[in-house]
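Notes follow once the structure below has been shown.
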Protein chains: 2
Amino acid sequence: MGLDERRIEAYFALTEAHSLLQLLMEEQLKRDGDISYLQFFLLARLAQAPEGRMRMTDLADTVIHSRSGLTYHATKLESAGLLRREPSPTDERSVTAVITDQGRGLLEQVLPGHIALVRQGMFDPLDDPQTEALADALTLVRNHLRAMVPTSAERRRS
Amino acid sequence: MGLDERRIEAYFALTEAHSLLQLLMEEQLKRDGDISYLQFFLLARLAQAPEGRMRMTDLADTVIHSRSGLTYHATKLESAGLLRREPSPTDERSVTAVITDQGRGLLEQVLPGHIALVRQGMFDPLDDPQTEALADALTLVRNHLRAMVPTSAERRRS
DNA sequence: TATTGTTATACTCTATAACTATA
DNA sequence: TATAGTTATAGAGTATAACAATA
């Protein structure tokens with residue numbers, strides 16, 4: 001078939017590891033902040049952006065969803081007071097999503113448990129060199145995939 | 001916070017890599033076999049089990065879903081002729097899911113494109129030592145998480 | 001009593017295309 | 001004409017608890 005056993009194993013391990021991790025995360029985030037995994041990621045992504053703000057379309061691309069899907073979640077997060085949407089001054093078609101203080105507060109509330117779970121679930125079984133190697137490889141793969149996957153705007157065109 | 005930048009980066013890379021990969025997979029599987037990622041995994045898991053058969057509860061655990069969720073998908077796959085359900089001879093409460101010839105046929109139809117995509121998306125950016133290291137680390141993490149996550153029966157009890 | 005699988009039900013999420021407005 | 005975001009709507013998937021049958 002052209003892809004050796006070792007690689008197939010690695011692929012399935014990636015998928016299953018991520019599924020299991022996500023199951024644990026979903027529980028933790030629900031418990032600590034009554035928030036979904038996806039919404040946590042949206043807030044986390046916003047929080048690390050300059051001034052906590054990002055254009056809707058760019059935000060959609062980082063989380064892979066269709067724009068309508070992002071609108072759906074943005075509406076929910078906005079109702080909960082965790083982000084707000086502002087018109088862009090430079091391009092009036094654009095909307096900028098901004099994380100609120102309350103949104104940052106929720107992140108702070110949820111992050112300690114989240115990070116503890118990441119450490120426990122993902123890094124406890126690895127020593128330092130293995131951790132380095134994993135980080136290096138995953139970063140390469142992620143960057144490669146980013147280039148391969150069309151943006152939400154590109155997908156829409158076709 | 002106790003978890004260094006490198007590890008947080010690796011964690012986010014895992015999540016994003018898997019999301020991007022899944023987006024590509026979903027398209028490929030839909031196109032080549034009109035099947036979802038989850039249903040592909042159910043069939044693939046069955047196909048690699050002895051005699052292509054597995055107890056419903058065990059199958060649910062490998063794919064992480066609730067039992068009712070598995071019943072939902074098993075019903076769809078059965079309607080499509082891709083698996084069948086048989087009563088277990090040893091325990092009459094149990095149901096055994098068995099992949100059909102048609103199910104194996106669909107896997108064969110879909111696998112070449114799938115494997116090509118795995119190679120292109122996941123392994124093209126890695127050299128051999130990096131691939132080895134990634135496989136080793138992900139396998140350790142996966143096994144560790146398997147032990148951490150309660151089975152569907154255990155989750156039900158609580 | 002405990003376990004297996006199913007069902008009913010309500011809910012969340014997703015995806016498409018149509019729509020408005022700005023560029 | 002192309003792009004940004006929203007909306008309407010329809011469909012897929014999910015989770016819970018209640019259920020019947022068996023251990």
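Below, chain A is the first sequence line, B the second, and so on; all start at residue 1.
Judged by closest nucleotide on DNA chain C, A:Q39 is the one of A:Q39 and A:R67 placed further toward the 5' end. Between B:S94 and A:K76, the residue anchored closer to the 5' end of DNA chain C is B:S94, taking for each the nucleotide with the nearest heavy atom.
Distance, A:Q22 CD to C:dC13 C1': 13 Å, rounded to whole Å. Summarising the geometry, the separation between CZ on B:R85 and P on D:dA21 is reported as 17 Å, rounded to the nearest angstrom. Protein atom CG of B:L77 is 14 Å distant from nucleotide atom C1' of D:dA12, rounded to whole Å. Taking atom CD of residue A:E154 and atom P of nucleotide D:dA4, one finds them 11 Å apart after rounding to whole Å. Nucleotide D:dA2 holds its P atom 10 Å from the CZ atom of A:R157, rounded to whole Å. To the nearest angstrom, P of D:dA15 lies 11 Å from NZ of A:K30. Look at CG on A:L42: it is 11 Å from P on C:dC13, rounded to the nearest Å. Note: OH (A:Y72) to C1' (D:dA10) measures 14 Å, nearest angstrom.
With C:dT7, C:dT12, C:dT4 as the choices, the nucleotide that has an atom nearest any side-chain atom of B:T71 turns out to be C:dT7. Comparing D:dG13, D:dA23, D:dA15 by their nearest atom to the side chain of B:S68 picks out D:dA15. Closest contact between the side chain of B:S66 and the listed nucleotides D:dA15, C:dC13, D:dG13 involves D:dA15. Relative to the side chain of A:D91, the nucleotides C:dT22, D:dT22, D:dA17 differ in distance, and C:dT22 lies closest.
A:D32 and A:Q28 share a side-chain donor-acceptor pair at under 3.5 Å.
Taking side-chain N and O atoms only, B:H73 has a distance below 4.0 Å to OP1 or OP2 of D:dT14. Applying the 4.0 Å criterion to OP1 and OP2 of C:dT4, one finds that B:R55 has a side-chain N or O inside that range. One finds no side-chain N or O of B:R93 lying less than 4.0 angstrom from the OP1 or OP2 phosphate oxygen of C:dA2.
With rounding to the nearest 0.5 Å, the separation of CZ in A:R6 from OG1 in B:T131 is 9.5 Å. Taking CG of B:D61 as the start and CZ of B:R55 as the end, the distance is 8.5 Å to the nearest 0.5 Å.
Taking the ring centroids of A:Y11 and B:H114, they lie under the 6.0 Å cut-off.
One finds no salt bridge joining B:R84 and B:E78 here, because no Lys/Arg side-chain nitrogen approaches an Asp/Glu carboxylate oxygen to under 4.0 Å.
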